[in-house]
Amino acid sequence: MLLNVKRLLAEEGLRLPFDYTLQVPQSEFYGDDDRLASLHIVGEAVNRAQIAELHFAVSGRVETVCDRCLDPISRAFEYRYTHTLVKESPNGPDEDIIVDGDAVHLDQVAITDLRLDFPLKFLCREDCKGLCPLCGANLNQGDCGCDKRQIDPRLEALKELLQ
Ligand SMILES: [Zn+2]
Ligand SMILES: [Zn+2]
């Protein structure tokens, strides 16, 4: 969606609300296992005392797998952002968006913001026990009975020397 910044800056007190759904190309920022049908973007741009501010929330649901045990995960998320739209800002704060021309491409702003905050990995739960490295069993469903004590190869060599 294009946000008309020229119009926004021309009228003090003007509010431009928006509420729309954005289809995100799979390749934009998700791994092969992740699925994200759409993003819901809701917010407004306001001219507050001749300063153009942009406030919005990005929400959606990601379908992925647990990084440790590979169980499917379906998780809702929501992130909120605020920016100031400026014509030029050589030393402005990071939240500033420099407007080149008369419009801002809101989709790109939202995707760029989300990319910085979106987790690279998801866990089915904080204390997920993962898979057994020996038999591949899901250890959240109980112990598989494998002997998972790691044998240090240096100790093995020492043991042989002592024999
Ligand atoms: Zn897990
Ligand atoms: Zn096992």
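Given the structure is predicted, the values throughout are model-derived calculations rather than measurements. Atoms within a ligand are numbered from 1 in the order they appear, just like the ligands themselves.
The angle that C128 SG and C69 SG make at the Zn ion (ligand 1), rounded to 10°, works out to 110°. Rounded to the nearest 10 degrees, the angle SG (C144) to the Zn ion (ligand 2) to SG (C135) equals 110°. Here C66 contributes SG and C124 contributes SG, and at the Zn ion (ligand 1) these two atoms make an angle of 110°, given to 10°.
The aromatic rings of F77 and F118 stand perpendicular to each other, their planes meeting at an angle above 60°, with 30° marking the opposite boundary.
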Next on the checklist: Between D113 and H83, does the side-chain contact (heavy atoms from CB on, under 4.5 Å) criterion hold? Intermediate values first, please.
Outcome noted: CA-CA 10 Å; D113 283 345; H83 296 286; 2.7 Å; yes
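Summarising the local packing, CZ of R125 is surrounded by more than 12 heavy atoms from other residues, nucleotides or ligands at distances under 6.0 Å.
A donor-acceptor pair under 3.5 Å links the side-chain atoms of N47 to the main chain of L8, judged by distance alone.
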